[in-house]
Every structure is written in structure tokens, then in C-alpha cells.
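The structure appears right after this line, and notes come after that.
Reckoned from all heavy atoms, side chains included, excluding hydrogens, waters and symmetry mates. To find a chain, count down the sequence lines: A is the first, B the second, and so on, and within it residues start at 1.
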Protein chains: 4
Amino acid sequence: MKKQSPKKLQRKTEIVEAAVKVFAEKGFFKAKVSDVAKEAGIADGTVYLHFKNKDDLLIYLFENKMEHILMRFNSQLAESIDPIEKMKLFFQIYFKIIKEDKKLAEVFQVELRQSVKFLKDYHNQKFIDFLNIIGGIIKQGKQDGFFNPELNTNVTKILIFGALDETARQWILGTNSKYSLKEAVDHISSILITGLLIV
Amino acid sequence: MKKQSPKKLQRKTEIVEAAVKVFAEKGFFKAKVSDVAKEAGIADGTVYLHFKNKDDLLIYLFENKMEHILMRFNSQLAESIDPIEKMKLFFQIYFKIIKEDKKLAEVFQVELRQSVKFLKDYHNQKFIDFLNIIGGIIKQGKQDGFFNPELNTNVTKILIFGALDETARQWILGTNSKYSLKEAVDHISSILITGLLIV
Amino acid sequence: MKKQSPKKLQRKTEIVEAAVKVFAEKGFFKAKVSDVAKEAGIADGTVYLHFKNKDDLLIYLFENKMEHILMRFNSQLAESIDPIEKMKLFFQIYFKIIKEDKKLAEVFQVELRQSVKFLKDYHNQKFIDFLNIIGGIIKQGKQDGFFNPELNTNVTKILIFGALDETARQWILGTNSKYSLKEAVDHISSILITGLLIV
Amino acid sequence: MKKQSPKKLQRKTEIVEAAVKVFAEKGFFKAKVSDVAKEAGIADGTVYLHFKNKDDLLIYLFENKMEHILMRFNSQLAESIDPIEKMKLFFQIYFKIIKEDKKLAEVFQVELRQSVKFLKDYHNQKFIDFLNIIGGIIKQGKQDGFFNPELNTNVTKILIFGALDETARQWILGTNSKYSLKEAVDHISSILITGLLIV
DNA sequence: AATGAATGAGATTTCATTCAT
DNA sequence: CATGAATGAAATCTCATTCAT
């Protein structure tokens with residue numbers, strides 16, 4: 001890791017913010033580097049002083065944003081001990097983050113998925129870490145005798161993430177079916193946690 | 001709907017099959033029309049005798065495949081009356097389809113998502129129809145006194161779809177966490193249906 | 001010259017008529033062979049049973065139509081002896097032809113001009129013949145003591161053709177300035193013939 | 001009107017000059033954008049930094065060149081008051097311009113004509129302005145009692161333009177009939193002005 | 001003779017990336 | 001550091017022409 005001067009880092013952050021906006025609106029492929037530059041109020045070439053190329057910008061965006069998100073989850077979840085409460089809290093934080101930054105959510109939900117395909121050698125560790133937060137809660141819940149011990153943590157964490165992610169995505173798109181984020185959290189909590197509990 | 005000579009329709013179908021393969025492997029944006037043509041064993045220009053452009057090919061692919069899938073769900077689900085059984089059956093059919101045509105599943109799950117963004121004026125009716133199959137089962141289950149009547153059908157159907165979809169995707173990608181499709185169906189059935197039941 | 005069966009000739013003529021219409025509307029370059037075929041109510045390939053290629057169709061169209069036009073001028077002008085009357089008659093016939101077949105006129109006026117450029121080795125003999133009809137009248141007029149003998153026949157015939165052609169063209173396009181064909185003939189006759197006369 | 005940096009404007013002008021040359025030689029349709037780029041000594045893509053597309057380049061070429069030509073006519077014609085002298089001067093300037101820039105003349109005379117057809121919504125105001133310079137002289141001549149007051153200015157201006165234009169074109173093409181530009185001017189002046197005068 | 005699906009060369013256009021200023 | 005004009009590889013799409021039926 002190279003250290004960056006604070007000034008340079010700030011400029012880099014500005015570009016990332018611009019990229020989030022532009023990628024959310026147009027999608028990564030349709031977005032031009034010049035769109036990002038214009039949004040950031042800089043020249044096209046300047047983007048390349050901070051990022052090797054367009055792919056690099058996307059990866060950095062993921063890594064950087066994910067890092068913040070992971071830190072946020074970890075610090076806030078630390079407050080709670082009860083796995084059931086922890087899971088509910090996870091759901092709340094998730095939707096809170098979505099609500100706070102719709103654009104970022106859009107980029108993550110849409111572009112993240114296909115990034116796997118085209119960024120051949122990009123191993124998305126941060127996403128795995130994220131899933132493992134859910135996995136950790138499940139494990140703890142099983143250990144503590146709340147959750148059904150027969151559940152496969154791997155499948156379950158993905159199942160939960162999918163439910164969260166899709167309800168969030170449809171809420172952002174605002175198409176198909178309208179509902180409030182509160183309704184979403186309540187349903188997720190109610191249905192999924194009930195489903196996890198020991199019969 | 002224009003009628004097509006059987007010969008023309010067959011060629012069109014061949015192109016769609018090639019497109020599924022190529023889009024699944026490279027992603028829609030990275031895939032070249034010439035890749036699709038080569039895969040179909042035809043000249044580049046021939047693609048344009050059947051589709052207005054690359055976007056049109058993607059849309060037709062969705063519509064066409066979705067139509068078959070919807071028909072399959074509808075006919076097979078008709079056999080069952082009990083909403084709980086119906087929901088389980090839905091899960092089984094879903095994963096069966098995924099298993100049968102991984103490539104198609106990849107295109108749907110990865111490319112479908114971003115298509116919404118760039119195909120500005122494409123109203124994805126077939127996807128809505130698909131979601132409403134789940135919605136229908138939920139409604140019936142609430143009416144018949146099996147499922148919690150306080151559940152919002154809209155949120156719930158999306159939540160269920162998300163759980164299904166994500167477990168399917170991760171299975172296809174084979175990254176992050178490995179599990180069998182059987183495990184996936186069992187977990188989905190167990191967790192979600194339990195979660196839906198009246199307490 | 002190959003002889004053609006009457007049936008074949010008729011089909012060829014149909015294609016030429018379709019080509020006149022399509023070339024007039026779209027211009028030679030923008031017109032597709034398939035447009036011509038569709039207009040003629042035949043298959044694309046059939047055009048190539050009668051013409052070597054698209055250029056050949058244009059050239060045949062010119063030659064063929066010009067032949068008729070030249071014959072018409074020659075036969076009708078034979079009735080008159082007086083060069084002044086002959087010139088006036090020429091103007092009348094010219095505008096009559098234009099009026100009768102606007103589409104053909106459009107093709108001639110627009111496409112003929114640029115054909116010179118792209119049909120490298122096409123020597124437009126028929127057009128020269130056409131100009132020489134005017135040239136012949138001028139010469140006769142000079143010999144008979146009506147027209148100024150100092151006029152260069154070559155320049156004059158072109159000058160006259162230009163005046164005719166442009167007034168006809170603007171009338172067809174109907175843009176810029178509106179006037180009747182009668183006005184056009186009268187002005188041409190009045191201005192040009194006065195200008196030609198011996199002072 | 002957008003302002004352009006002087007550097008950008010210069011490059012744009014270079015492209016236009018190259019386009020004049022290439023369009024004159026090959027014709028607009030046969031000319032490739034890459035031909036223009038090569039002629040200008042730049043990369044293909046650079047053309048698109050200055051013009052939206054090939055059509056746009058043609059239109060700009062017309063507008064830009066016509067503007068200069070119109071200014072030239074207007075400033076030089078201002079020197080003369082007598083409508084007859086003014087008309088003669090118009091002819092002289094016209095042929096002088098043709099002589100100075102044959103290539104441009106070719107583009108105007110050959111390509112301009114068909115452009116009307118394919119540039120559907122291009123209203124050629126500059127050409128109308130040009131015709132109206134002739135129209136103005138005719139009007140003045142009628143008012144001042146030199147020209148036949150019964151002449152329709154609209155028809156007459158077009159007639160004159162046609163005579164000028166065609167003699168110029170045939171001179172440029174150098175086909176059919178050879179003559180000097182001086183002969184052309186003399187004949188035009190003699191024939192047309194005589195024809196316009198009050199009997 | 002007629003068809004029209006298929007071809008594939010070739011043109012237009014885009015845009016990530018570079019580099020002289 | 002920043003700029004933004006220029007590059008040119010590469011992709012999409014068109015359509016005259018062919019040829020098996």
C-alpha cells in the first residue's frame with residue numbers, strides 16, 4: 001500500500017463519488033470516463049493520474065466503499081450480543097445504508113454482480129467478508145441455541161443476503177411493487193428470523 | 001405479432017441459443033455480435049436479418065425464454081392445490097430450471113439486472129408476471145389460512161424471489177460458498193415457509 | 001445489342017420505372033436495391049437477372065429514358081423550321097416532359113450530375129446529344145441570320161440548358177420561390193431569345 | 001453560436017478544407033471520413049471531435065463557405081450602383097470565385113444538389129440568400145427603369161443562376177464543350193442582360 | 001426465371017487512454 | 001499536477017451481390 005498525500009486522496013475520493021453517481025445512472029459499461037470526469041469537474045486525463053484505468057476505478061470504488069460499510073457493520077453490531085437482536089440490527093443497518101446512499105446501492109447491486117464476469121481475476125474478498133458477517137451471526141445463533149443447528153450456514157447466509165438485497169433493489173428501482181423500507185425490514189425480520197428459529 | 005416462416009424462426013432460435021451461451025460467458029457488453037454469429041455458425045450480417053440490433057436480441061431472448069419458463073411454471077403448478085405444497089413445488093421447479101440451463105440462468109441473473117438500466121424504455125412485464133406467480137401463491141396461502149395474513153404480498157414475493165435468486169446465482173458462480181442445489185431447495189423451503197406460516 | 005424477349009423487356013422496364021421512383025425519392029446512393037425491388041414487386045435477386053449491378057441500372061435508366069426523350073424532341077421539332085419558333089418549341093417540350101414525369105426529372109437533374117463523378121468511365125453521350133439539339137437550333141439561327149453570329153454555340157447551348165434546368169428544378173422542388181411552369185416558359189423564351197437575337 | 005478556441009477553430013477549418021478536396025474528387029457519398037482525415041493529416045476520430053457526423057461536416061462546409069461567399073458578394077457589389085453594371089459585376093465575381101476554388105465549386109454544384117434530398121430537414125437559407133442577391137439586382141433594375149418591369153423576379157433570378165451555374169459546372173468538368181471562363185462571362189452578360197432590358 | 005436468405009467486405013462511429021503543453 | 005486534444009483500435013451495423021432452391 002502506497003501512502004497518499006491528503007490532497008491527492010481527497011481528489012481521488014471526489015472521483016469515486018462522481019463515479020458512483022455516473023455508474024448508478026448509466027451503468028458501468030455505458031458510462032464514459034469523460035462522464036465521470038465531467039461530474040467530478042476535472043479533465044479526463046486527471047482520472048488517469050489516480051486510477052490505472054476504468055476497471056481499476058470500479059474496483060477501487062468497491063473496495064473503498066465496502067471497507068467503510070464493513071467497518072460500520074462491525075462497530076454497530078458489536079453493541080449487541082443476542083444473535084436474534086444482532087440479526088435484526090443487521091437488517092436495519094443494511095436498509096439504513098441503502099437509504100442513505102441509493103446511488104451507491106445501485107452500483108453495488110447491479111454492477112457488482114456482473115463485475116465478477118468481466119473482471120476475470122478480481123477476487124471479491126470484501127463481499128465475502130460481508131456475507132461472513134451474516135454467517136457469523138448465524139453460527140453464533142446456532143451455538144447459543146436460538147437457531148436451528150441443522151442449517152447450513154453457507155446456504156443460509158446467502159439466502160438471507162438475497163432476500164435483503166432484492167427487497168432493497170426493488171425499493172430503489174421503485175418499479176413493480178411499492179413499499180416502504182420499514183415494511184421491508186419488518187417482513188425480512190419476521191419471516192427470516194422465524195424461519196431460522198428452532199422449531 | 002408477425003408470423004415467421006418456420007425456417008426463419010428456426011434460424012432465429014439458433015441465434016438466441018448462441019446468444020445465451022455467449023452472453024453467459026462474456027456478459028452482454030463484452031460479447032460481440034460477431035461472437036454470437038460465430039457461435040451460431042453464421043455470418044455477422046445474418047444476425048441483423050433477424051434482430052434490429054444487439055439490444056433487440058437481448059430483449060427477444062428475455063421475452064422468448066421467459067415465456068417458456070412462465071408456461072412451465074403455470075402448467076406444473078396447476079397440479080398442486082395446497083399453497084404450501086405449491087410453494088415448495090415452485091422452489092423445486094425454479095432450481096430445476098436453473099440446473100437444466102445454467103447459461104440461461106446466468107444471463108437472466110446477471111444481465112437481466114443491468115438491462116433494466118440501459119434499456120430505458122423496456123418494461124419488463126414477463127418478470128412482473130413471474131413475481132406474480134409467487135404473489136399468487138402467497139395470496140392463496142393467506143386466504144386458505146396457512147400463511148400469516150398480515151404479510152404484505154408485494155414485499156414477501158420479492159423477498160422470496162431474492163432468496164431463491166441469490167442462492168441460485170451463488171451456486172452457478174460456484175464462488176464464495178459451495179453447496180448442492182438440493183441443500184438450497186431444502187433450506188429455502190424450510191426457512192421461508194416456516195417464516196410465512198401463521199404463528 | 002442483344003435482343004430481348006418481349007416478356008423480359010417488360011420486366012426490365014418495370015424495374016426501371018420502380019428505380020425512377022425510388023431514386024427520385026431517396027437519391028441513388030441512399031436508395032437500396034431492395035427498395036427498388038420492393039417497389040417493382042419482385043425479389044431482390046431478380047434485379048440482377050436484368051442488370052449487372054446498381055450502377056448498371058442507373059446507366060440503363062439514363063440511356064433508355066434519354067433515348068425516348070431525344071426521339072420525342074427530334075420528331076416534334078421537325079415540324080418547325082423557323083429557329084426562333086424551334087427554340088420556343090424546345091422550351092415548351094422540355095417543360096412538358098418535366099411536368100409529365102416529375103420523378104424522372106428529379107433523377108436526371110440530381111443524379112445525372114453526380115453520376116459523372118462516380119461512374120468513372122461513363123461517357124454520357126445521350127446528354128451530349130441532348131445539348132446538341134439546342135446547339136443545332138443555335139447554329140441554324142445564326143446561319144439564317146436571326147441569332148447573333150458572334151455567339152459561341154458551345155457556351156450558349158449550355159447557358160440555355162442551365163437556365164431551363166434550374167427553373168425546372170426549382171419548380172419541382174417547390175421550395176425557395178413558387179411559380180407556374182407557364183411563367184417559366186414565358187420568361188425563358190422572352191429573356192433568352194431576346195438575348196440571342198441580332199442587335 | 002458556440003465560441004471556439006482559436007486552436008480548435010483552426011483544426012476545424014483544416015478538416016473543412018480537406019473535406020472540400022475529398023468531396024470534390026470522390027463525391028460526398030463515395031468519400032470516406034477516413035479519406036477526409038487522411039487528407040487533413042489527422043486520425044479518423046479527430047473528425048468526430050469537431051463534427052457530429054459526416055452529414056454535419058457537409059452542412060458546416062456549406063454554411064461556412066457560403067457565408068464567406070455571401071460576404072464577398074455583398075461587399076464587392078456595394079461598390080456599384082448601376083444595376084446593369086452590378087449584374088455584370090455579379091457574373092464576374094461568380095466566375096472569379098469558381099476559378100479560385102474549383103474544388104469548392106464542384107462540391108457546391110454537384111453535391112449541394114443532392115444534399116437537399118438526403119438532408120431532409122436542412123433548410124438551405126444561405127442558398128436562398130444567394131439567390132436573393134440576384135433578385136435584389138433585378139428588382140433595382142426594374143425600379144430604375146432599366147429592366148423589363150413585367151419580369152417575375154423569382155423566375156428570373158433562378159433562370160440567371162441556372163445559366164451561370166451550368167456554364168460554370170461544364171467549365172469545371174471540362175467535358176462536353178470547352179471554353180474559357182472569359183467567354184462564359186461575356187456570353188452570360190451579353191445574352192442575359194440584353195434579355196432583361198426594356199425592349 | 002424467380003426467389004430471398006445469407007454473405008462479408010467495408011463504412012461509420014465511439015471512447016479508453018495517452019502525452020505534449 | 002492538470003489539461004483536453006488527439007489517437008486509433010475495435011465494435012456496430014449496412015447492403016450490394018450471390019446462389020441454392
Side-chain angles (χ1 to χ4, degrees), chain A residues 5 7-8 11 15 29-38 40-57, chain B residues 4-5 7-8 10-12 15 29-38 40-57, chain C residues 5 7-8 11-12 15 28-38 40-57, chain D residues 4-5 7-8 10-12 15 29-38 40-57:
Chain A
S5 73
K7 210 172 178 180
K8 214 178 167 184
R11 170 56 50 95
I15 297 171
F29 284 107
K30 289 275 181 192
K32 297 176 220 164
V33 172
S34 67
D35 293 333
V36 175
K38 193 182 289 171
I42 57 173
D44 294 12
T46 306
V47 174
Y48 289 86
L49 299 176
H50 299 271
F51 300 95
K52 201 153 51 63
N53 52 38
K54 201 183 165 191
D55 287 2
D56 187 41
L57 170 54
Chain B
Q4 306 247 351
S5 70
K7 212 171 179 180
K8 237 190 152 176
Q10 194 196 329
R11 174 51 52 96
K12 198 167 183 176
I15 297 171
F29 283 107
K30 289 275 182 190
K32 288 175 263 172
V33 172
S34 66
D35 293 335
V36 175
K38 194 180 290 172
I42 57 174
D44 293 14
T46 304
V47 174
Y48 290 90
L49 297 178
H50 299 271
F51 302 95
K52 206 153 46 64
N53 51 39
K54 204 181 157 192
D55 287 2
D56 188 42
L57 171 54
Chain C
S5 72
K7 212 170 176 181
K8 213 180 169 184
R11 171 53 53 94
K12 198 167 182 176
I15 297 171
F28 178 73
F29 283 108
K30 289 275 182 192
K32 295 177 221 165
V33 172
S34 67
D35 292 334
V36 176
K38 194 183 289 173
I42 58 174
D44 295 12
T46 305
V47 174
Y48 289 86
L49 299 177
H50 298 272
F51 301 96
K52 202 152 52 67
N53 53 38
K54 201 184 166 190
D55 288 2
D56 187 41
L57 171 55
Chain D
Q4 305 248 349
S5 70
K7 212 171 178 180
K8 238 191 153 175
Q10 194 196 328
R11 175 49 54 94
K12 197 167 183 173
I15 297 171
F29 284 107
K30 289 275 182 189
K32 286 175 264 172
V33 171
S34 66
D35 294 333
V36 175
K38 195 181 290 173
I42 57 174
D44 294 13
T46 305
V47 174
Y48 290 89
L49 297 178
H50 299 271
F51 301 96
K52 206 153 47 64
N53 51 39
K54 205 181 157 192
D55 288 3
D56 188 42
L57 171 53

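If you take NZ of C/Lys38 and P of F/dA16, they are 13 Å apart, rounded to a whole angstrom.
In this structure, the ring pair (Phe, Tyr, Trp, His ring centres under 6.0 Å) partners of B/Phe51, at least two apart in sequence or on a different chain, are B/Tyr60. Under the rule for a salt bridge (charged side-chain N to carboxylate O under 4.0 Å, His left out), the partners of B/Asp35 that lie at least two apart in sequence or sit in another chain are B/Lys26.
Between C/Lys54 atom NZ and C/Lys32 atom NZ the span is 10.0 Å, to the nearest 0.5 Å. To the nearest 0.5 Å, atoms CZ (C/Phe28) and CG (C/Leu57) are separated by 7.0 Å. Within the model, atoms CD1 of A/Ile42 and CG of A/Leu49 stand 8.5 Å from one another, a figure rounded to the nearest 0.5 Å. Taking CG of A/Asp44 as the reference point, atom NZ of A/Lys38 lies at 9.0 Å (rounded to 0.5 Å).
Of all the heavy atoms in B/Lys12 and B/His50, the pair that sits closest is CE-O, 3.6 Å. The shortest non-hydrogen separation linking A/Val36 to A/Ile15 is CG1-O, 3.9 Å.
Looking at which nucleotide of DNA chain F each of A/Arg11 and C/Lys52 is closest to, the 5′-most match is held by A/Arg11. The residue among D/Gly41 and B/Thr46 whose nearest nucleotide of DNA chain F is located toward the 5' end is D/Gly41.
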Strand DNA chain E in bracket notation, Watson-Crick/G-U under 3.5 Å with | for pairs to another chain: .||||||||||||||||||||
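Taking 4.0 Å as the cutoff to heavy atoms of chain C, we find the contact window on DNA chain E bounded by E/dA1 to E/dG4.
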Can you pull every protein N or O that's under 3.5 Å from an N or O on nucleotides 9-12 of chain F?
from, atom 1, to, atom 2, distance (Å)
F/dT12, OP1, B/Lys54, NZ, 3.4
F/dT12, OP2, B/Val33, N, 3.4

